Amino acid sequence: MAPWRPLRLGSLVLQGPTYLMRRIVALPCRVHPTTPSHGTLFSSTAVIATSTSRTSRRKSRATTKEAALGRPGGSGSQGAWANDAPSTSTTAASSTQDAPVKRTRRAKGSVAATKSCTSDLNSSSSCTADAKAVPGISVASSAAASPPAVRSAATAASAKPSVQPPTFSSSQRSGLLLVVDGNYLANRAYYGYGNQGLTTSSGVPTSITYSVVRTLHAALRTLRPTALAVVFDPRGPTFRGAMSLLDPSAAGGQLGRAAARLVQQGRLDWQDLASRLLLYTSIRADLQAAAAVEAAATPASFLLPGGTFLPPPPPDFIPYTPAAAAAAAAAGEELPLGADAAPPSLSRGRAAVSAALQVLAAALGPELASELGLTEVAAAEEEEGAAAVLLEPSYKAGRAQHTERFYTDFHNMQRLLGLMSVKPLVRPWLEGDDLAGLLVQEAVRQGMSVRLISGDRDLMQLVSDEYDVSLLYPAKAPKKGAAAAAAAAGGGRVRPSSEFPFSELREADVVAALGVGPERVAECKALMGDDSDRLPGVKGIGPKTAVQLLEAYGSLSGVYGAVGQLPAKRRALLQESQAAAQYSLAMARVLGTEGAPSAPPDVLPPGLLQRLQLRGFEPGLVEPALRELGMKSLTRGSGRGGDLWRDFGGGFSHVARASL
């Protein structure tokens, strides 16, 4: 799949469903926020009648303003212009929500595609375009050839896939996909409970399992999606970890300095390297195997061979208490948990480093691998402990490692979701963010709206008002009186509550939070770096300067194209860190977004979105498991007709759920 990029069309008022258009025309006025903190009143009928002339005036004002600022090429900041993005998955009140969008340029004479679409939730959506495809969103053929071994950054940036996906208006959307960051919810629960975590009577930790299921249940009640995907990071190496062995900043050491020289010589392109890694034979084989295992899994396969969810506690079992845990830690021991042993972690250590080294050397080719010194390092890796010293990945380095108690609970949570017919989505070599990006790309292609739940700002890249993709970001729940007022003023947008403490972010909210729109999040990180992910960025440039540069020059390539016009000190900083900035950009882009590496077709097998539809679960499997875990409140609603069973899709046909 090739990258997917949000694109703005004309007046969304004309794209809304018929009942919504009647409601809009009947309103005396509408409020269209032009900045995150301001608003301008427009007549509702004037919005419909003057959308074309208004677009012309916007372009004229933008050109005049940018000319006055002396910005080269007339490139300006991504302003937050108002537009309506009604979602078919919400109530009529939510359909009148104003969703600010950014200004975009269209190719002269381009026409929004008109389509006849038929959608059945039991089959794939089918659409045909009757006019020219809207430029800006591209989906490459799955049979695309591997990119060349070395490609210049300019060539990589200018390459455009030729296949255009269908574009859907809000009235044509065929359902709502909810994508959940499982790792975020697990960490939120684990650290939220602290030392007073939940356990069963036999001491098995359940804080993560209980909290994640409760949060998902609240999300399903609030959003009413037709499909649900919970994505996770793998515990093994990732393609970004392999790339970070060549980190051109100081963290990369000798290998990084050699990589920086190749970048300056135009012989190494980070974007090309990422694409080659993803298309490497062994990585594709791992992806195919993982997809096959997931497709073959049934709910019952998540039970133990004896048909129970938890194994019996070991003979020497000691019930877990903080005092017992402290005593065991002082003695250098671990309490038996009475649950499945978590799989060994490959995130660090020789096994992960060796696997990353092999795929990196193969993707680079023998000539570049030898010139970078990877051949010598591979030979040294045979010696005990040498690889861990020489090849520690810099990506996300320094993060605290979880205990086995965390992974026991985490593993049980994934198994319980599988038992509830919500298979955990994990792919080797890819992070959960990448799976989320590819799922959004595919859902948009099939005409679905998307909601993402995560506390990771990287996923702000995926927000799109045009395609009704929003991020539900953690927020403090307001007080009771404030919650009612916010709900009344919010036009149907999701607001935080005590049950579901997440706030819905649209494009204007991303601009308010980061200073740039979703399409510039990765480029902003490329300039200012990211301490959490250990991305170097440009030394000496912080968030404020990064936003100013992107407002003035539009993109990272635009900044470097105009580097000669900048003050001497800033010019020197950018030139010294050019390789690090380009590396950070390739690392920061989520798969499925514009400019990101092309993912192999094996990641999301055909028909996956149909299999992600909420179909309910078998109470005879889930009820006993919940009882074993000691979750009485969830057990009461897991029977046939209970609220948990019903909200996870039980008793509803797919067509009926789509109309909610």
Side-chain angles (χ1 to χ4, degrees), residues 2-3 146-159 237-253 255-280 283 356-357 359-365 367-369 371-374 391 393-396 429-431 433-434 437 458 461 520-530 533-539 555-561 574-599:
S146 173
V150 179
R151 182 175 62 188
S152 68
T155 303
S158 61
T238 65
F239 81 94
R240 289 188 182 85
M243 286 182 61
S244 72
L245 297 173
L246 302 179
D247 184 346
S249 67
L255 290 177
R257 290 190 294 272
R261 287 194 298 271
L262 291 178
V263 171
Q264 292 170 356
Q265 296 168 8
R267 301 174 60 198
L268 176 63
D269 178 68
W270 299 111
Q271 184 77 5
D272 174 67
L273 177 58
S275 296
R276 291 181 66 80
L277 279 169
L278 290 171
L279 293 173
Y280 180 55
I283 289 183
L357 171 62
V359 299
L360 180 63
L364 286 166
E367 181 181 349
L368 289 183
E371 190 164 346
L372 285 168
L374 286 179
L391 285 176
S394 64
Y395 182 61
K396 295 186 176 180
W429 299 100
L430 299 183
E431 296 177 66
D433 290 358
D434 295 316
D458 288 342
Q461 299 176 49
R520 293 289 175 260
V521 171
E523 290 174 300
C524 191
K525 290 182 67 173
L527 287 168
M528 69 181 188
D530 187 333
D533 290 344
R534 293 295 191 268
L535 301 184
V538 178
K539 186 177 180 180
S555 65
L556 184 66
S557 60
V559 171
Y560 276 99
L574 287 164
Q575 289 173 337
E576 291 171 3
S577 301
Q578 184 170 3
Q582 293 172 348
Y583 161 82
S584 299
L585 178 60
M587 296 283 281
R589 281 173 168 160
V590 173
L591 296 189
T593 60
E594 183 187 18
S598 299

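Computed from heavy atoms alone, side chains included, the values below leave out hydrogens, waters and symmetry copies. Predicted model, so just to flag it, every value in this text is computed and none were measured.
- For Q578, there are no side-chain hydrogen bond (donor to acceptor under 3.5 Å, both in side chains) partners, not counting sequence neighbours.
- Contact record, G373 with L255: C-CD2, 4.3 Å, taken as the closest heavy-atom pair.
- The two atoms that bring V538 and A581 nearest to each other are CG2-CB, 3.8 Å, heavy atoms only.
- Closest approach of A596 to Q271, counting heavy atoms only: C-NE2, 3.2 Å.
- Legend: residues meeting side-chain contact (heavy atoms from CB on, under 4.5 Å) with E367, ordered by chain and number and at least two apart, are R267.
- Judged as a salt bridge (Lys or Arg N to Asp or Glu O under 4.0 Å), not a single pair has a partner in residues 577-591 (not counting sequence neighbours).
- For D533, the salt bridge (Lys or Arg N to Asp or Glu O under 4.0 Å) partners at least two apart in sequence or on another chain are R399, K525.
- Each of D434, L278, L279 was compared with P597 under the side-chain contact (heavy atoms from CB on, under 4.5 Å) criterion, and only L278 meets it.
- The structure places CZ of R261 at 8.5 Å from CD of E371, a figure rounded to the nearest 0.5 Å.
- To the nearest 0.5 Å, atom CG of residue L527 and atom CG of residue L574 are 7.0 Å apart.
- Between the OH atom of Y583 and the CG atom of L268 there is a distance of 12.0 Å, given to the nearest 0.5 Å.
- With sequence neighbours excluded, no residue forms a salt bridge (Lys or Arg N to Asp or Glu O under 4.0 Å) with E576.
- Nearest heavy atoms, M587 versus S244: CE-CB, 4.1 Å.
- Rounding to the nearest 0.5 angstrom, the gap separating the CG atom in D269 from the CG atom in L262 is 12.0 Å.
- Not a single side-chain hydrogen bond (donor to acceptor under 3.5 Å, both in side chains) links W270 to another residue, sequence neighbours left out.
- The CG atom of L246 sits 9.5 Å away from atom OG of S394, with the distance rounded to the nearest 0.5 Å.
- With a 4.5 Å cut-off on side-chain heavy atoms, D247 and P536 count as touching.
- D433 places no side-chain N or O within 3.5 Å of a backbone atom of V590 that could act as its donor or acceptor partner.
- Taking E431 as the reference, R240, Y395, K396 meet the side-chain hydrogen bond (donor to acceptor under 3.5 Å, both in side chains) condition, with sequence neighbours excluded.
- Partner L277 forms a side-chain contact (heavy atoms from CB on, under 4.5 Å) with one of D272, V359, T238 and no other, that one being V359.
- Going from atom OG of S577 over to atom CD of Q582 covers 11.0 Å, rounded to the nearest 0.5 Å.
- The shortest non-hydrogen separation linking P248 to A260 is CB-CB, 4.0 Å.
- Checking side-chain atoms of E523 against main-chain N and O of L556 turns up a donor-acceptor pair under 3.5 Å.
- Contact record, A361 with A369: O-CB, 4.1 Å, taken as the closest heavy-atom pair.
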